[in-house]
Amino acid sequence: MCGRFALYTDPLALAKRFQTDNVPDIKASYNVAPSQTISIVRQENSKRHFAFARWGLIPSWAKEINTGYSTINARAETVAEKPTFRSAFKHRRALVICDGYFEWQEQANNKVKQPWFITLKDKQPMALAGLWEQWRGSDGSEIESCSIIVTSGNELMQNIHDRMPVILPNQHWESWLATDNTDTNGLQTLLTQYPSEQMTAWPVSTVVNSPRHNTEECIKPVSS
DNA sequence: CCAGACGTTGTT
DNA sequence: GTCTGG
DNA sequence: CCAGACGTTGTT
DNA sequence: GTCTGG
């Protein structure tokens, strides 16, 4: 799955890579956790914008912000059907932007899990397949929230974890973001494993375990 | 009909 | 053990 | 995802 | 909001 990531590329470079008409006002973060505000890219009238959303999708019909169940990820296999996600899947897709994500590898003999950091070999920031939703509280407050779609792990990931986020290659950004695209069958074919040979992974310190630690040490390689 | 769930992961 | 907070 | 709290009373 | 379970 995908429960933690990092985003530290310069905002101007992000705007250039994702061809947005605004530059996100963000600082480098090496340890982004669920419930925090994350950077997403959406499209309106064929123009791309950076926006922000709370990580953990709140369905429009939810009574409380804390839904009591985990919506930080949506399974690619079922996202089109699940009541919590299907409306967003059809109408409110986004790119969740990160430089790399973390997965925790189970260890034999009940030893402490080993965290890994996974990036693209070309060091470019990546676009994860995301969904967003708007929620209105009874007091009139509004919150935009989002979820990251996950699928089975590719060859690189297999030894680390059996699930991984869906990473969209450049050539699929347009059809994923197009608001007039409601072909859910076609959209689902975009939710595939990114090729292992274009990715790389290294073990990192358990410093990353605590969301309170937000330094470069979180992504620094250690011997496993 | 109304009430209650609506999720992913990992472990058993 | 289970829920909340980050 | 992992870390940290998980309770009541009374006092500051 | 919409589906499932009773």
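Side chains included, hydrogens not; waters and symmetry mates left out as well; all remaining heavy atoms used. Chain letters run A, B, ... following the sequence lines, proteins first, then strands; residues in each count from 1.
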Margin query: Please report the distance, rounded to the nearest Å, between OH in A:Tyr101 and P in D:dC2.
Written below: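 The answer, rounded to whole Å, is 15 Å.
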Item checked: Rounded distance in Å - CD1 (A:Ile149) to C1' (B:dG7) ->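 Between C1' of B:dG7 and CD1 of A:Ile149: 14 Å.
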Notebook entry, point to check: Are A:Glu144 and A:Arg42 ion-paired here, with the side-chain N under 4.0 Å from a carboxylate O?
Noted result: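 Here A:Glu144 pairs with A:Arg42 in a salt bridge, since their nearest N and O are under 4.0 Å apart.
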Next item on the list: Check the angle between the aromatic planes of A:Phe18 and A:Trp173 and answer parallel, tilted or perpendicular using the 30° and 60° thresholds.
Entry: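 A:Phe18 vs A:Trp173 ring planes: tilted.
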Notebook entry, point to check: Between A:Arg4 and D:dC2, is there a side-chain N or O to OP1/OP2 distance below 4.0 Å?
Noted result: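 Checking A:Arg4 against D:dC2: no side-chain N or O falls below 4.0 Å of OP1 or OP2.
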Closest to the [X] side chain: [options]?
| X | options | result |
| --- | --- | --- |
| A:Thr84 | C:dG5, B:dT8, B:dC6 | B:dC6 |
| A:Thr71 | C:dG5, B:dG7, B:dG10 | B:dG7 |
| A:Lys82 | B:dG7, B:dT9, C:dG6 | B:dG7 |

Note to self: Regarding E:dG1, can its base be found pairing with the side chain of A:Ser60 as donor and acceptor, where the two atoms are less than 3.5 Å apart?
What the structure shows: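 There is none.
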Check: Considering Watson-Crick and G-U wobble pairs with both distances under 3.5 Å, what does B:dT8 pair with?
Finding: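 Partner of B:dT8: none found under 3.5 Å.
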Margin query: Applying the Watson-Crick and G-U wobble criteria at under 3.5 Å, what pairs with E:dT4? Answer none if nothing qualifies.
Written below: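 E:dT4 is paired with B:dA3.
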Under 4.0 Å, heavy atoms only, any strand: does [X] hit a base, just the sugar-phosphate, or nothing?
| X | result |
| --- | --- |
| A:His161 | sugar-phosphate |
| A:Phe85 | sugar-phosphate |
| A:Trp104 | sugar-phosphate |

Note to self: If you assign A:Glu106 and A:Trp61 each to the DNA chain B nucleotide with the nearest heavy atom, which residue ends up on the more 5' nucleotide?
What the structure shows: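 Counting from the 5' end, the first nearest nucleotide belongs to A:Trp61.
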Check: Within the stacking criterion (centroid distance below 5.5 Å, interplanar angle below 30°), does A:Tyr69 stack on B:dG7?
Finding: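 Ring-base stacking flag not set for A:Tyr69 and B:dG7.
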Notebook entry, point to check: Any side-chain donor-acceptor pair under 3.5 Å between A:Glu174 and A:Gln43?
Noted result: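 Looking only at side-chain atoms, A:Gln43 and A:Glu174 do form a donor-acceptor pair, the distance falling under 3.5 Å.
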Notebook entry, point to check: Any chance the side chains of A:Ser60 and A:Glu133 put a donor and an acceptor closer than 3.5 Å?
Noted result: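 No, A:Glu133 and A:Ser60 have no side-chain donor paired with an acceptor closer than 3.5 Å.
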